Amino acid sequence: MMLVIERKKIDDLIQTLAKNTSVYIPVRREQGGAVESVFEKFTPGKTIDFYYLPTLCSIKEFFLPAIEDTFVFDKRKNQAATLAQKKPFILFGLNSRDLEALTQLDEIMAKPNTDFFYFKKREMATVIGLINEPIKTPPGGDLILLKVNEEQYEAMPITKKGRALTKKRFFKKESAVITNAGSKSEEIMPRLRQLLLDPEFLSDVIKWSWRQDLAIWDELATLCLGCGICTYVCPLCYCFSVEDKIDLGGKTCARCRKWDACTLPRFAQVTGGHNFHKTIRERYYNWFFHKFVRAYNEYGKSQCVACGRCQKYCPAKIDIEKYILKMVDAYVKAKGV
Ligand code: SF4
Ligand code: SF4
């Protein structure tokens, strides 16, 4: 016996949840002749995209928005007020890679210091995964709906919030026939996905390729425009800058944080004008270094889940999987491993 929900009841579940809370779901839309998936607030008539494409805005935007006023100081009251998220919301339908990314981002934002504003939003959120491929371990979230056959999903509550949801009438205990054999989402960056299983090896490869001054880095430096898009779309890039915005009357001041990107020209520029990463070659390597070397040193894993966003949205069409594989090939040949 397992706890299941019929696929056709998932819409009813969303409609019920949306009566009291904002629910965000993946939907597919056509814009300018292109088909894309986006997370949107559910309203009646919207249909869940069960196999969503890599979205331009990743789930980090719900917890670490592109621009955010964190607190406002009011000179007249001599008081600072935080602008932390107060309303609960539900993020529905995350695939396994996005769930994995969110779990990793939680770890990053908790260490070495806990990010107050990020976790205020995380506390307010209930995260429900919709996984279509077989999994070995649940990748995160509060509740996972795991496809077991064409008509049914197994409900796997992970947290108290998730368990509370499964008390709703849409879930029932029954013996289900498991026939699920795979999913379309498995097709995205499959070789990078495989390499991510050995983050130590990947870290060695990236470091080695730079020290060897491989021509790949010249090629990438020629292609890369230094636009920062790969960082903005990545669910695991989290660098931000902070600035104070004072109103014209000088009465209030808001502390604002906004995304930054290590590929941008002034990212590593300090007071006095010195720039630690003057060239795009250095800056683009830094992006790789942080994801695959520094992340491994600090967290024991790469900061990448092979979601496909950086590859899809890069205006220079840089396919990081292809270049990492080239580095791996060169490494294997040189070391004979
Ligand atoms: S999105 Fe592409 S062009 Fe822009 S910084 Fe990233 S790799 Fe370079
Ligand atoms: S594939 Fe690209 S966008 Fe996705 S997690 Fe990896 S580095 Fe980030």
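All figures in this text were calculated on a predicted structure; none of them were measured in a lab. Indexing begins at 1, ligand by ligand and atom by atom, following the structure's order.
Against a heavy-atom cut-off of under 4.0 Å, Tyr284 is close to the following atoms of ligand 1: 7 (S).
Side chain of Lys251 to main chain of Arg76: no donor-acceptor pair is present (N/O by atom type, distance under 3.5 Å, no hydrogens or angles).
Taking the centre of each ring, Phe92 and Tyr24 stay at or above the 6.0 Å mark. Aromatic pair His290/Tyr238: centroids less than 6.0 angstrom apart.
Atom 6 (Fe) of ligand 2 has Cys304 SG as protein N, O or S atoms under 2.8 Å away. Around atom 4 (Fe) of ligand 1, the protein atoms of type N, O or S that sit closer than 2.8 Å are Cys227 SG.
Every pair passing side chain to side chain donor-acceptor pair (under 3.5 Å) that includes a residue from residues 211-227 is listed here, sequence neighbours excluded: Ser209-Trp217, Asp213-Arg281, Asp218-Arg281, Glu219-Tyr323.
Every heavy atom of Tyr232 sits 4.0 Å or more from the atoms of ligand 2. Not close to ligand 1: Tyr313, with no non-hydrogen atom less than 4.0 angstrom away.
Cation-pi geometry between Lys291 and Trp287 is met: the NZ or CZ atom falls under 6.0 Å from the ring centre, inside 45° of the normal. Remark: Arg257 is positioned above the aromatic ring of Phe240, its terminal NZ or CZ atom under 6.0 angstrom from the ring centre and at most 45 degrees off the axis.
With respect to Ile128, the side chain to side chain contact (heavy atoms under 4.5 Å, CB included) criterion is satisfied by exactly one of Asp142, Leu145, Ile158, Leu94: Leu145.
When the side chain to side chain donor-acceptor pair (under 3.5 Å) test is applied to Arg163, no partner is found at least two apart in sequence or on another chain.
Between Phe289 and Tyr285, the ring planes lie tilted relative to each other; the angle falls in the 30° to 60° range.
Using a 4.5 Å heavy-atom cutoff, the side chains of Gln311 and Ile318 are not in contact.
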Given salt bridge (charged side-chain N to carboxylate O under 4.0 Å, His left out), test Asp204 with Lys207 step by step and report yes or no.
-> CA-CA 5 Å; Asp204 286 345; Lys207 268 187 298 192; 3.7 Å; yes
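Counting heavy atoms closer than 4.0 Å to ligand 2, residue Phe288 contributes nothing at all.
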